[in-house]
Amino acid sequence: MAGRAYTGRYFYMKVFLNGELVDQNDAKVSVFDHGLLYGDGVFEGIRAYNGRVFKLKEHIDRLFYSAKAILLDIPMTADEISRAVVETCQANGIRDGYVRLVVTRGPGTLGLNPFKCKNPVVIIIADKIQLYPEQMYRDGMDLITVPTTRNHQNAINPAIKSLNYLNNILAKIEAVNAGYEEAIMLNPAGYVAECTGDNLFIIKGQSMMTPPLEAGALYGITRQTAIDIAVELGLTVTEPNLTRYDLYNADECFLTGTAAEVMPVVKIDGRTIGNGQPGPYTRRIVDRYSDLTSTTGEPL
Ligand code: PMP
């Protein structure tokens, strides 16, 4: 594989760490890093398709917004990070893959105080990802609502893509324990927020709906792309507060995320959505998303 050193058994990956591309075995962070000790940091998950990084600018912008919200000074400019993402993909021969971009608070003391961490750490890993089995994209997914609610916006605002994912992990545990791949999380007021790592959409007639950001949804980049596609398809898009009743009685449902892409949902809490098959608009959104990802983005 181009760009990767073949050592006989394994391909060794190059990882971007603080301005340098290092061997994966040398890509190490301190045990005093507050990213590890406290989940203090921010991250992005980005995909490359067909030799292009999809929506790179949007991801870098969101990284900086998340960092601003937690008062974290990223020690690189947006342009430098964009170039580093491209270079890390190139160094690993990635033309179709997944990039994990992480900025931690950096090493500090054993106390919480983030101001004692003077050197934030920037990490970029370019690899592959397959979140769900192929068959699920054809047949659709079953979801379950779980008891753990999404963080209140005055706790950890769900708009911040922080390294502190325990809220989502608790919900994921509840889903997996119940035999499901993904969970619907409500917010503390009881409205639908999102899934553990994806945004949620329903379609009823000619109308597409997704929870508003203030309901506890991440400002998903795939979410915005799905909204743009739906508008192109002539659907009316709104962001109302949704209850589980609204989900159960939808004609179609799907979830979106960079890693998950566009995943049809055919059952929620045992209620069949529509006729139990991925819906016609959902299929068109999947197709259009696939066109966009393979033809647009920052060239590698
Ligand atoms: N919600 C959460 C909680 C997420 O972690 C993600 C990203 N995995 C999303 C939604 C989807 O966001 P995006 O489309 O920008 O990947």
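All values reported here derive from a predicted model rather than from experimental measurement. When a ligand or atom number is given, it counts from 1 through the structure's own listing order.
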Asks: For Ile156, give me all partners under side-chain contact (heavy atoms from CB on, under 4.5 Å), at least two apart in sequence or on another chain.
Replies: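 Per chain and number, Ile156 pairs via side-chain contact (heavy atoms from CB on, under 4.5 Å) with Asn151, Ser162, Asn164.
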
Asks: Does Leu213 have any side-chain contact (heavy atoms from CB on, under 4.5 Å) partners at least two apart in sequence or in another chain, and if so, which?
Replies: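 In terms of side-chain contact (heavy atoms from CB on, under 4.5 Å), with neighbours along the sequence ignored, Leu213 is linked to Ala217, Tyr219, Arg223.
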
Asks: Would you check ligand 1 and list the protein residues that come within less than 4.0 Å of it by any heavy atom, ordered by chain and number?
Replies: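 Heavy-atom contacts below 4.0 Å: Arg62, Arg150, Lys161, Tyr165, Asn168, Glu194, Thr196, Gly197, Asp198, Asn199, Leu218, Gly220, Ile221, Thr222, Thr256, Gly257, Thr258.
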
Asks: Do NZ/NE/NH1/NH2 and the carboxylate oxygens of Asp287 and Arg284 come within less than 4.0 Å?
Replies: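 Answer for the salt bridge query: no.
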
Asks: Can you tell me which residue pairs pass the ring-ring contact (aromatic ring centres under 6.0 Å, His included) test with a partner in residues 183-212, sequence neighbours excluded?
Replies: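 Pairs touching residues 183-212 that pass the test: Phe201-Phe254.
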
Asks: Start with the C-alpha distance between Glu261 and Thr256, add both sets of side-chain angles, then the distance that settles side chain to side chain donor-acceptor pair (under 3.5 Å), and finish with yes or no.
Replies: CA-CA 5 Å; Glu261 304 175 293; Thr256 63; over 6 Å; no

Asks: Report the C-alpha distance between Asp269 and Thr145 in whole Å, list the side-chain angles of each, state the deciding distance to 0.1 Å, and finish with yes or no for side chain to side chain donor-acceptor pair (under 3.5 Å).
Replies: CA-CA 6 Å; Asp269 298 336; Thr145 312; 2.7 Å; yes

